**Student:** 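Once you've had a glance at the structure underneath, I'll fire off some questions.
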Amino acid sequence: MTHVEEKMLLSSLTAEFYSQTPPQGEAKVKRRRRKKARGDVDMEVKKRRLTDEQVKFLEMNFGEEKKLESGRKMHLASEIGLDPKQVSVWFQNRRARWKNKQMEEDYMKLKSMHDSVVVEKCHLENEVLKLKKRLEEAEELIKKISGGMGSSPSSSFSNNRVEGEADQLMYMSEYSYNGLMDWMCLYGV
DNA sequence: TTGTGTTTTATTGCCTCC
DNA sequence: GGAGGCAATAAAACACAA
């Protein structure tokens with residue numbers, strides 16, 4: 001029986017179990033399957049759990065290749081005595097589980113990265129505050145020096161020295177501050 | 001034993017690709 | 001148009017506390 005014939009048969013058997021088509025003008029809505037009526041022998045499908053060996057075998061093959069082409073499906077099915085359909089269903093469900101797990105792991109990784117960025121941001125904000133304070137102090141020092149200069153020729157040497165240090169301090173503060181800002185912009189912090 | 005939550009197997013409808 | 005994939009869902013099977 002071909003895939004389509006199978007589908008048609010199933011559809012004819014189950015048509016009455018489905019709700020109506022979606023109202024016109026609405027976006028496509030997935031029709032919900034109606035619950036199977038109790039005691040409907042025709043539609044009764046016995047659900048059998050696979051044995052541990054079968055699951056182990058399928059897991060092993062899933063580890064090698066997550067997709068299943070037709071020849072491989074037939075081969076695996078005959079190896080463990082299952083219907084090829086069961087093998088494809090198992091792979092389909094296994095891919096869904098794998099995808100969920102991957103997403104969970106990705107979420108945890110992103111969360112961890114986010115947390116460390118938040119901590120880093122906090123550190124950087126503290127650093128910015130400290131640097132701003134140093135800058136203010138440097139500016140204050142420069143004001144004091146430039147206000148008291150020129151009165152005593154004997155102090156010119158020490159004044160020049162102090163001025164040089166203040167310039168250097170200010171330059172360093174600005175350099176660090178600007179560099180930090182550049183870095184923060186670069187990384188969007 | 002039974003009620004309830006979780007996992008596994010199976011089905012369906014829709015979508016994409018060839 | 002057929003084959004196969006995926007998301008959503010149903011329902012059987014299982015686990016486990018009370």
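This structure is a prediction, so every number in the text was calculated from the model and none was measured. Below, chains carry the letters A, B, ... as their sequence lines are ordered, and counting in each starts from 1.
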**Student:** Would you say that A:Arg72 contacts A:Asn61 through its side chain, given a criterion of any heavy-atom pair below 4.5 Å between the two side chains?
**Tutor:**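 Touching, per the 4.5 Å side-chain cut-off.
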
**Student:** Please report the distance, rounded to the nearest Å, between CG in A:Asp83 and P in B:dA10.
**Tutor:** 9 Å

**Student:** Between A:Lys73 and A:Ala96, which residue's closest nucleotide on DNA chain C lies nearer the 5′ terminus?
**Tutor:**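 Closer to the 5' end of DNA chain C: A:Lys73.
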
**Student:** Rounded to the Å, how far apart are A:Leu58 CG and B:dT9 P?
**Tutor:** 9 Å

**Student:** Rounded to whole Å, how long is the line connecting atom CZ of A:Phe91 with atom C1' of B:dT11?
**Tutor:** 20 Å

**Student:** Any side-chain to backbone donor/acceptor pair from A:Ser112 onto A:Met108? Under 3.5 Å, distance only.
**Tutor:** no

**Student:** With the side chain of A:Arg95 defined as its heavy atoms from C-beta on, choose the nearest nucleotide among C:dC6, B:dT9, B:dA10.
**Tutor:** C:dC6

**Student:** Of the candidate nucleotides C:dG5, B:dT9, C:dG4, which contains the atom at the shortest distance from the side chain of A:Val89?
**Tutor:**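 It is B:dT9.
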
**Student:** Indicate, with a heavy-atom threshold strictly under 4.0 Å, whether A:Glu69 touches base, sugar-phosphate, or nothing.
**Tutor:** nothing

**Student:** Could you tell me whether A:Ser70 contacts a base, only the sugar-phosphate backbone, or nothing, with contacts defined as non-hydrogen atoms closer than 4.0 Å?
**Tutor:** sugar-phosphate

**Student:** Between atom CH2 in A:Trp90 and atom P in B:dT9, what is the gap in whole Å?
**Tutor:**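 From A:Trp90 CH2 to B:dT9 P: 8 Å.
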
**Student:** Looking at A:Phe62, is A:Lys66 sitting on its ring face, NZ or CZ under 6.0 Å from the six-membered ring centre and within 45 degrees of the normal?
**Tutor:**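 Flagged: A:Lys66 positioned over aromatic ring of A:Phe62.
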
**Student:** Taking atom P of C:dG5 as reference, at what distance in whole Å does atom CZ of A:Arg97 sit?
**Tutor:**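 Taking atom P of C:dG5 as the reference, CZ of A:Arg97 is at 16 Å.
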
**Student:** Grab the CD-C1' distance between A:Gln54 and B:dT9 for me, whole Å please.
**Tutor:** 12 Å

**Student:** Quiz question: going by heavy-atom distance under 3.5 Å, is there a donor-acceptor pair between the base of B:dT7 and the side chain of A:Arg49?
**Tutor:**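 Checked by distance alone, the answer is yes.
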
